[in-house]
Amino acid sequence: MTQPSIDQAYLAKRQLRKGTAGWMLLAGLGVSYVISGDFAGWNFGIAEAGWGGFAIAACLMALMYLALVLSLAEMSAAIPAAGGGYSFARQAMGPAGGYLTGLAVLIEYALAPAAIVIFIGAAVEALIGINGPLVYLIFYAVFIGIHLAGVGEALKVMMVISGLAVFAILATAVALIGSFDAANLFDIAPTDSAGASTFMPFGWYGVWAALPFGMWLFLAVEGVPLAAEEAKDPARDMPKGIIAAMLFLLFTALLVVVLLAGAAGAEMIGQSGVPLVDALNAAGSPTLATLVNVLGLAGLIASFFSIIYGYSRLVFALSRAGYLPKPLSLTSGRKVPYLALIVPGVFGFLVSLSGEGDLMLGMAVVGATISYALMALSHILLRVKQPDLPRPYKTPGGVVTSGVALVLSLVALTGVYAFDPRAFNYTIVLFIVGAAYFFLYSKNHLVAKTAEEEFALVVASPEELDDSDSDPAVTTAKL
């Protein structure tokens with residue numbers, strides 16, 4: 001065996017376990033990312049817009065996510081790399097575009113677990129009377145520890161937890177069908193806002209301000225491509241997994257948005273901290289309400305657990321490429337990026353000590369909408385610049401579909417400003433600081449010169465890395 005080149009030795013220490021996840025596990029990952037959003041948060045959009053106004057906002061965001069998911073399905077099959085949106089943008093827009101896209105996703109994925117663990121603490125307090133930093137620390141430690149055991153084990157645990165949360169939603173829906181009354185959807189009196197009516201009591205401004213809450217029903221499903229390098233057959237599994245997840249999430253969103261307000265009244269649901277529980281109590285199902293209250297914790301844990309997975313793969317990919325400090329992409333004997341799990345986890349725990357979960361979620365949404373615009377733009381540019389790129393799956397509608405995602409993501413970004421200017425401004429400042437790090441330092445320390453070279457190194461197997469010649473030119477030719 002010849003001595004590996006520096007590039008080969010570098011990558012040999014940075015390999016994920018390929019062939020771990022089939023399409024069903026990937027679909028389960030997509031549902032896990034999002035499922036906590038069905039339990040709470042989205043319903044505050046009803047308080048901003050009324051049921052009809054929120055329904056419009058939610059439909060617009062559902063259209064945005066569906067168009068984005070179909071675009072990501074194509075790109076993740078053609079470019080199956082752990083960086084997800086970063087990898088697609090790197091190929092379409094070069095190092096700067098790739099980094100800025102990855103930075104936006106990283107803001108979303110680093111802050112969301114910190115927000116969710118605060119909500120987990122509140123749920124634990126309601127159940128057993130314990131809350132605070134110790135609870136946050138325990139949840140971070142336990143679930144990062146499970147991820148350190150290996151991706152296959154982690155995804156299977158994730159499926160079980162998500163299954164409990166889905167059961168709670170389906171059981172709630174069945175219990176509420178008999179109590180549904182369409183009149184309950186419109187029990188908020190119209191205001192004097194422009195365009196206000198019984199259907200949209202807060203007018204068109206309410207619809208605008210409700211857009212971020214519509215996103216909570218689907219936020220983070222775009223993270224499925226972060227598992228691309230660990231999929232069994234990325235060309236087949238990635239499109240099936242992310243599209244199946246999106247279709248299921250559309251179904252659960254329809255159930256909670258329509259049935260909860262229809263059974264308990266839009267006004268009550270718009271103010272509720274635990275809308276499924278309050279709707280069941282209002283419908284006379286207190287026993288099921290208690291069970292759902294417990295299983296609601298499973299929903300929060302599922303999203304917390306899966307987003308930890310997501311940030312670790314993104315940090316791993318950005319580090320391996322040289323955008324972030326290179327030690328963050330080192331992998332263990334189980335092919336797990338241990339520092340990419342631990343370091344952002346420590347950051348998230350420290351941020352969670354602020355207790356400002358709502359602010360962090362708002363900032364996560366800003367990061368998400370910026371990344372959506374850049375990912376949709378990447379799809380358009382790849383179609384234009386690289387029409388001959390092998391595409392095992394092609395987005396229905398082509399650039400028209402990704403164009404819809406691009407426009408709606410920019411509209412959603414302005415909606416965050418309408419609802420929470422502080423979260424918008426803080427995120428922009430954080431984005432500028434992260435961009436400055438790239439332009440002042442990391443752009444001069446990238447591992448690969450081109451997207452093609454980077455992708456060729458990514459898809460190398462551990463055997464190829466061990467057995468290739470030491471000449472980098474020969475290595476590239478073999479890859």
Side-chain angles (χ1 to χ4, degrees), residues 15-38 65 69-70 72-85 87 105 109 112-113 142-167 169-170 218-252 298-314 316-317 331-332 334-337 340-341 392-393 458-459:
Q15 290 288 311
L16 298 175
R17 189 174 298 282
K18 295 177 173 63
T20 305
W23 77 266
M24 289 190 67
L25 273 180
L26 294 171
L29 174 63
V31 173
S32 297
Y33 279 133
V34 182
I35 198 68
S36 66
D38 282 333
Y65 274 98
V69 159
L70 292 173
L72 291 174
E74 174 179 299
M75 294 188 291
S76 61
I79 309 170
S87 298
V105 180
Y109 275 55
V142 168
F143 290 108
I144 287 176
I146 294 173
H147 280 299
L148 290 172
V151 64
E153 294 79 359
L155 290 180
K156 288 169 185 174
V157 171
M158 202 181 302
M159 286 283 281
V160 173
I161 299 171
S162 300
L164 294 173
V166 168
F167 169 78
I169 293 171
L170 297 179
F218 312 103
L219 184 70
V221 69
E222 75 280 358
V224 174
L226 293 168
E229 286 183 42
E230 292 155 294
K232 290 181 179 177
D233 181 359
R236 180 179 63 89
D237 293 337
M238 293 308 304
K240 286 181 67 175
I242 192 170
I243 292 172
M246 185 65 202
L247 292 177
F248 186 81
L249 292 166
L250 287 169
F251 172 65
T252 58
L300 289 169
I301 291 173
S303 292
F304 176 73
F305 190 30
S306 56
I307 296 175
I308 287 175
Y309 170 86
Y311 78 55
S312 70
R313 270 47 182 184
L314 177 61
F316 165 80
T331 48
S332 68
R334 293 179 177 269
K335 304 297 184 186
V336 173
L341 281 163
Y393 173 87
V458 166
V459 298

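Everything numeric in this text was worked out from a predicted model, so none of it was measured.
A pairwise comparison of heavy atoms in S162 and A302 identifies OG-CB, 3.6 Å as the closest pair. Taking every heavy atom of both residues into account, F218 and L249 meet most closely at CE2-O, 3.9 Å. Between E229 and P80, the shortest heavy-atom distance links the atoms CG-O, 3.6 Å. Of all non-hydrogen atoms in A27 and A244, the two that sit nearest each other are CB-CB, 4.1 Å. In terms of heavy-atom proximity, P234 sits nearest to A228 at CG-O, 3.6 Å.
Put simply, the side chain of L26 does not reach to within 4.5 Å of the side chain of I242, judged on heavy atoms. Between Y65 and L219, some side-chain heavy-atom pair lies under the 4.5 Å cut-off. By the 4.5 Å heavy-atom criterion applied to side chains, I243 and L247 are counted as neighbours. Counting only heavy atoms from C-beta outward, the side chains of Y109 and I307 approach each other to under 4.5 Å. Between R236 and P392, every side-chain heavy-atom pair lies at or beyond the 4.5 Å cut-off. Side-chain contact between I169 and I35: present, with at least one pair of heavy atoms (C-beta onward) separated by less than 4.5 Å. Using a 4.5 Å heavy-atom threshold, the side chains of L341 and F316 count as separate. The shortest side-chain heavy-atom distance between L148 and S332 does not fall under the 4.5 Å cut-off.
Between the CG atom of L25 and the NZ atom of K232 there is a distance of 7.5 Å, given to the nearest 0.5 Å. Within the model, atoms CG of L70 and CE of M75 stand 11.0 Å from one another, a figure rounded to the nearest 0.5 Å. The distance from atom CD1 of I301 to atom CG of L164, rounded to the nearest 0.5 Å, is 9.5 Å. Atom-to-atom distance recorded for E74:CD and I79:CD1 is 9.0 Å, nearest 0.5 angstrom. The line from CG of L29 to CE of M159 is 10.0 Å long, rounded to the nearest 0.5 Å.
Only one option out of D38, V221, V166 pairs with V31 in a side-chain contact (heavy atoms from CB on, under 4.5 Å); it is V166.
Here the side chain of S306 pairs a donor or acceptor atom with the backbone of S32 at under 3.5 angstrom. Formation of a donor-acceptor pair under 3.5 Å by the R334 side chain with backbone atoms of A149 is found in this model.
Classified by interplanar angle (parallel below 30°, tilted 30° to 60°, perpendicular above 60°), the ring pair F305/H147 is tilted. Under the 30°/60° scheme for interplanar angles, the aromatic rings of F143 and F304 are found to stand perpendicular.
A donor-acceptor pair shorter than 3.5 Å can be found between the side chains of S303 and S36.
The salt bridge (Lys or Arg N to Asp or Glu O under 4.0 Å) check on E222 picks up nothing, with sequence neighbours excluded.
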